[in-house]
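These numbers were taken from a predicted model, which means no experiment stands behind them.
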Amino acid sequence: MADRGERAFGFSGTWRDYAPIALTNLLLTIVTLGVYRFWATTRTRRYLWSRTRFIDEPLEWTGTGMELFIGFLLVLGLFGLPFLFLQFGFQALILQGYMALAFTLAALAAAMIFYLAGVAVFRMVRYRLSRTWWHGIRGGSDDKGWAYGWSNVWRYLIAGFSLYLLMPWAMISLWNDRWSAMSFGPFRFSARAPVGPVYRRFLLFYLLPFGLIILAATIGLPQVAQDPSQAPDAAAVRTTLLFLAALFIGFYVLLPLIALLYYAKYMRVVIGGLSLSTLDFRFTARSKDWFLLILGDIALVVFTFGIGAIFLAYRHWKFFSDHLDATGEISRASLTQSTTAAPGQGEGLADAFDLGAI
Amino acid sequence: MTSIGPDEDLWHYDGSSAVRHHPRVDWDADGFILRWETGASGPHRWGDLVPLGGTGGRSVYGLRGVNGWRLTFAGPPPAPFAVHLPLPARYGRWVDQLGLWKALGLFAAVAALVIFVVLRAPAWIAPHVPMAWEEKLGDAMFGDFGGRLCETPASRAAIEKLRRQLGNDVPIRQIGIANIRMVNAVALPGGRILLFDGLIREAKSPDELAGVLAHEIGHVRNRDTMTALVRQLGLSVLLGGFNGNVGGAINGLLAMSYSREAERAADQYSIDAMRAADISPLPTAAFFDKLGKLAGGEKAERTMSWMASHPVSAERRAAFEASAQKGKRYQPSLSAAEWRALVDACKQDPDVTKGPVLGF
């Protein structure tokens, strides 16, 4: 559809336009003791969506603050209060000597949270699609995500049993599962991301700590374990210090960087495997782009003493839509209205578990 | 009837397909109608038109009851059309009606009131909670403390003697010695007090212990534990409004302790009770001195958060010292044998649970 050599997606917002929204959101959130944040989220999304063009028309966000608030209250009532009670009860049971019962209950609660966290991710995507409109058409899903919650549990369990070697498989197959259940208009998304392409970077991340430990054992130990009766010479001390610095950099700089390398590939692979009818999606952000994004985030937050954090949602959305692309034709006449049931409330569950976007 | 269009700057989606129509719009005082080559929409009433936020100068309208129905102008709508339209929502209904600054002021005032009530309310509510409820709650929460209480006939008699001297008119249900190696004592909901074995071992004399015990009796008398429970419950619900992390942190800061005022009041009770019982406050003062040194001196203590709810040890020591009457002959609170019974209670009790305690 990008027939004029133009990208299918384009973002036309500016931070100056967004600043009044972000600042008033912050003020209102503070004076309402946090309650306004649901309306703040809605205002932010309405702005970001409306500045994001797909082909010839901007997207439209129709979610409301009230429905996010109601979703939050529902989750608080249905899950929050029982868990609060369980917390008190757990302590009481231990003090009364019912150890087995206390730990069984705690394990059940943990399993329940694990399950619900999966359901929450699914429902968050579903909610967002159902409130996203384009050309008067919206997305959604007829699946409520309860089954997805179970596949989330067992796949991550298997990944755990494999000493996390199957982690990329769990992440990608779950992505495929949830996006295959989503639709826009009459069309289902097809998510067929392969697992293979991300493995090289994953193994790099996975094996680096072992490599560092082996390196430490072979080079570092002889240095440290020299004859203690002799005063260590200055050169040996310097080598040891250098070595420790290298180890520190390895764990705190190199490891996160490689994690970023993996994540960048992961996003390209999963979005690259996504299509809708005859549209194929593509995500073009390289590791370098992600690195600059995060460096910018840190600078923004640090140099404004934290206030810059109100612009993070804007930055991330801009990054996302700047790198998202789609190719192929879509017939407007065949893109008819979605028949999926639109969820009544917002992202209460995901909100409760503090889950991020995408 | 007035009309505009059809032209490129005016388009419409009917909500059933993604096809873009360029209609002609005809309207009068009651409503409007859209017509294009292959179809029409309307007549609709003005009241059913919902303004939606536009993009880059565009004006977008939806229609109540028809999902996906859109009417878009590339710029602002023509004036004769626009007069029939309500303004788009901006901040949310309440804020839009009040105006941003008024709303900010009003919300801030309400927030200040809420914070004040939440901080104060527990102290108002707690005295009205029936004692029987508090006792049941305390039993449910702590039971027999996992069989961790040390007791011998002699230790029971010694504790009873202390109770008679320091809190005869306070509804105390139980004073127990817990087999836990912590230099601490706690008042629990339901009028129960636990002296930790570590505290008794650390104390040099029964009078030192008497001061700490009287402090906890003060908490029981003032129902401070109930106040703390109500506060914790209230905060958990209220701070749900914030993100999990922020809420949890604030909750932890505010909830898990008594207020400074409550601590001062409990100290005052302790001082008064010891004076009435002719017990010297000086050993207790020395004990606070020791506690202060354990916490790394006064400076460290003032910055340490875990002590923040208690007045700084140095202040407490001074208060106890000042209450000592010069030249007065004080009575020891317990005889040497009675004191021995307390110190050895955990050693002598054959069926007490030992080992590290979980969940505390």
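Within 6.0 Å of atom CZ in B:Arg64, more than 12 heavy atoms from other residues, nucleotides or ligands are found, so the atom counts as buried in its surroundings. Counted within 6.0 Å of CG on A:Leu23, heavy atoms from surrounding residues, nucleotides or ligands total more than 12; the atom is thus considered enclosed.
For the atom pair CD (A:Gln337) and CH2 (B:Trp69), the distance works out to 14.5 Å, reported to the nearest 0.5 Å. To the nearest 0.5 Å, atoms OH (B:Tyr13) and CD (A:Glu57) are separated by 3.5 Å. Atom CG of A:Leu28 is separated from atom CH2 of B:Trp94 by 13.0 Å, given to the nearest 0.5 angstrom.
Among the candidates A:Trp39, A:Trp134, A:Tyr36, A:Phe69, the residue making the largest number of heavy-atom pairs closer than 4.5 Å to chain B is A:Tyr36. In terms of non-hydrogen atom pairs under 4.5 Å with chain A, the most contact-rich of B:Ala111, B:Ser16, B:Ala112 is B:Ser16. When the candidates B:Ala18, B:Ala109, B:Gly68 are compared by the number of heavy-atom contacts under 4.5 Å with chain A, B:Ala18 comes out ahead. Contact count against chain A (heavy-atom pairs under 4.5 Å) is highest for B:Ala108 among B:Ala103, B:Gly105, B:Ala108, B:Gly62.
Interface remark: A:Leu27 contributes backbone and side-chain atoms alike to the contact with chain B (heavy atom separation under 4.5 Å). Heavy atoms of B:Asn67 lying under 4.5 Å from chain A belong to its backbone as well as its side chain. For a residue to count as touching a neighbouring chain, one of its non-hydrogen atoms must lie under 4.5 Å from one of that chain's; by this rule A:Tyr47 does not touch chain B. For B:Leu104, the parts sitting under 4.5 Å from any heavy atom of chain A are the backbone and the side chain alike. Residue contact with chain B, scored on non-hydrogen atoms closer than 4.5 Å, is absent for A:Arg138.
Across every non-hydrogen atom of A:Ala333 and B:Ser17, the tightest pair is O-CB, 4.0 Å. Across B:Arg20 and A:Asp56, no two heavy atoms sit closer than the pair NH2-O, 3.4 Å.
Between B:Leu52 and A:Thr62 the shortest side-chain heavy-atom distance does not fall below 4.5 Å. Using a 4.5 Å heavy-atom threshold, the side chains of B:Val110 and A:Thr32 count as separate.
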